[in-house]
Amino acid sequence: MKTDSECILVTAEQSSPSQHLPEHLEKRSAGSKNKKNSQKTRILTPATSLASSSHREDPSSSQKASAQSTCAQSTQTESPQLQSFQTQSTQTPPIQGIHSPSTESKSTQTQHSSFSLQQAYWGRSFTDQSTDEQETQSSSRSSHLTVLSWNIDCLDTDNISHRVKGLLSQFGKYSADVVLLQELVPGCLTILQNIMKDYQFLQGSEDGYFTAILLRKDRVQLLQSNIVKYPTTEIGRNLLIANVSFLGHPLCIMTSHLESCKSNSQERLNQLRRVWKWIKEAPEDHTVIFGGDTNLRDWEVRKLGGLPGGISDVWEMLGEPEESKYTWDTSINDNKEIPHSIRLRFYRLFLRAAAEGAQLWPESMTLTGLEKLKCDYFISDHWGILCTFKFEVSVEQRVNE
């Protein structure tokens with residue numbers, strides 16, 4: 001199945017001038033892209049070649065096809081490389097032992113790769129910190145909810161071992177309470193489950209590519225979950241819902257990957273209406289957070305008359321910060337080598353407040369995955385979004401107290 005990068009129609013409305021780019025990131029020249037292209041390989045490279053770093057420190061093939069204007073010839077199957085991941089033992093990470101020296105035994109290769117992935121995720125162990133550091137970290141996290149939402153593009157197997165290791169490093173660095181993923185595939189799911197033992201996994205499907213909700217076990221307790229099918233989708237999209245408890249507060253967490261391609265706008269809007277309906281009809285005592293790859297263009301939301309009453313766009317609530325606006329940005333991210341600069345806000349986070357009790361408010365929103373890996377790839381062709389929320393006592397509660 002083709003993804004958004006393979007079917008975006010480039011228009012003047014979609015492109016943005018380069019002066020809005022973050023200062024620390026520059027557009028790649030055509031020459032550098034050609035150099036990168038000549039170095040690509042469809043062979044999995046060794047994950048161990050990525051440098052390991054502590055999560056407590058600040059972060060300092062053949063040619064890919066150009067973007068297509070149609071979603072024709074789509075498929076819901078994984079690449080042969082990722083299909084082979086599924087045939088391996090679920091007790092060891094699927095990308096283990098790739099291109100290790102022939103003098104090493106298979107068990108030694110497995111141990112080295114498994115350690116490398118574990119190290120990427122855990123970094124400096126919490127148990128290695130001083131008591132003061134542990135208390136400071138626990139205190140800062142106690143009243144804040146962190147949500148990380150990301151289309152991780154596991155359909156693309158170029159440099160997948162490097163990218164999965166980089167992904168695990170990001171997950172370990174942020175330790176989000178809730179992680180919302182899109183374009184996850186069974187092979188990559190197996191890797192994450194084997195390493196991220198401190199999370200509970202919910203998945204939107206068992207084959208093809210799908211969404212997932214990850215809940216941090218020591219912070220979030222699952223109450224129930226549900227999968228809502230989109231009756232007219234042509235590419236297997238759905239809405240994944242989890243009712244949870246966070247510090248005693250009931251939350252309804254939702255994620256989805258709405259229909260891709262500009263040509264599928266009407267179906268995408270049908271799905272968006274269904275998402276809004278489920279948000280509005282969630283239990284009144286629940287705060288609802290939706291996060292996902294909506295593939296929305298701003299004009300599509302305007303076509304529906306804007307957001308329904310009671311549902312807010314988190315990015316707008318935070319004052320529309322320019323630095324976290326474009327989650328699909330080919331002027332910087334050249335994983336797909338699209339020959340045009342396309343900057344779109346595909347990622348949307350919606351919030352519906354609970355009818356009573358403490359109110360959840362967004363405090364910050366930042367993009368993740370902006371750092372390039374040593375293999376000259378980004379982790380995904382999409383940036384992730386990390387949001388921090390905080391519960392505040394309502395005026396009514398203050399009066400009653």
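If you're wondering where the values come from, they're calculated on a predicted model, not measured in any experiment.
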Donor-acceptor contact below 3.5 Å, side chain N238 vs main chain G204: yes
Gap between atom CZ of R237 and atom CZ of R268 - 0.5 Å precision: 9.5 Å
Inter-residue atom distance L251.CG - I289.CD1, 0.5 Å rounding: 5.5 Å
N151 versus E183, side-chain donor and acceptor atoms under 3.5 Å: yes
W315 (side chain) donor-acceptor with L349 (main chain) under 3.5 angstrom: no
Considering all heavy atoms, the nearest Q359-A353 contact: OE1-CB, 3.1 Å
S161 side chain near N159 side chain, heavy-atom distance below 4.5 Å: no
Shortest non-hydrogen contact between A120 and K165, atoms and distance: CB-CG, 3.5 Å
G291 backbone acceptor or donor facing T255 side chain under 3.5 Å: yes
Contacts of type side-chain contact (heavy atoms from CB on, under 4.5 Å), residue S380, not counting sequence neighbours: W150, D153, H382
Validation row: M196, F201 side chains within 4.5 angstrom (heavy atoms): yes
Where at least one partner belongs to residues 304-315, residue pairs that pass salt bridge (charged side-chain N to carboxylate O under 4.0 Å, His left out), sequence neighbours excluded: D313-R345
R163 side chain to C154 backbone, donor-acceptor under 3.5 Å: no
Flag if over 12 foreign heavy atoms under 6.0 Å of NZ, K217: yes
Donor-acceptor pair, side chain of N295 and main chain of F346, under 3.5 angstrom: no
Polar side-chain atom of S312 near backbone of V314 as donor-acceptor pair, under 3.5 Å: no
Side-chain (T233) to main-chain (Y230) donor-acceptor, under 3.5 angstrom: no
Side chain to side chain contact (heavy atoms under 4.5 Å, CB included) assessment of V288 paired with F350: CA-CA 8 Å; V288 183; F350 300 136; over 6 Å; no
Separation of I241 CD1 from I227 CD1 (nearest 0.5 Å): 10.0 Å
Side-chain donor-acceptor contact under 3.5 Å, Y199 with D218: no
Lys/Arg N to Asp/Glu carboxylate O, R216 vs D177, below 4.0 Å: no
Sequence-distant partners of E267, salt bridge (Lys or Arg N to Asp or Glu O under 4.0 Å), two or more places apart: none
Side chain to side chain, V244 and L215, heavy atoms closer than 4.5 Å: yes
Check: D329 main-chain N/O paired with N333 side-chain donor or acceptor under 3.5 Å: no
Main-chain N/O of Q182 paired with T211 side-chain donor or acceptor, under 3.5 Å: no
Within the 6.0 Å centroid threshold, strictly below: W328 and Y347: no
Partners passing side chain to side chain donor-acceptor pair (under 3.5 Å) against K277 (at least two apart in sequence or in another chain): E281
Partner residues of D285 under the salt bridge (Lys or Arg N to Asp or Glu O under 4.0 Å) criterion, sequence neighbours left out: none
Heavy-atom side-chain contact between L296 and L269 under 4.5 Å: yes
Partner residues of T327 under the side chain to side chain donor-acceptor pair (under 3.5 Å) criterion, sequence neighbours left out: none
Interatomic distance, L181 atom CG to L189 atom CG [nearest 0.5 angstrom]: 9.0 Å
Within 6.0 angstrom of E284 CD, more than 12 heavy atoms from elsewhere: no
Least distance between heavy atoms, L318 atom then S364 atom: CD1-C, 3.8 Å
Residue among R348, K325, K303 satisfying salt bridge (charged side-chain N to carboxylate O under 4.0 Å, His left out) with D298: R348
Ring centres under 6.0 angstrom apart (H144, F389): no
Value rounded to 0.5 Å, distance of OG1 in T368 from CG in L386: 6.5 Å
Nearest non-hydrogen partners of C387 and M365, listed with the distance: SG-CE, 3.5 Å
S256 and Q271 side chains, donor-acceptor separation under 3.5 Å: no
Between CG on residue L351 and CE on residue M317, distance to nearest 0.5 Å: 5.0 Å
Minimum side-chain heavy-atom gap K262-E300 below 4.5 Å: no
Carboxylate-amine/guanidinium contact D156 K336, below 4.0 Å: yes
Nearest non-hydrogen partners of E234 and E259, listed with the distance: N-OE2, 3.0 Å
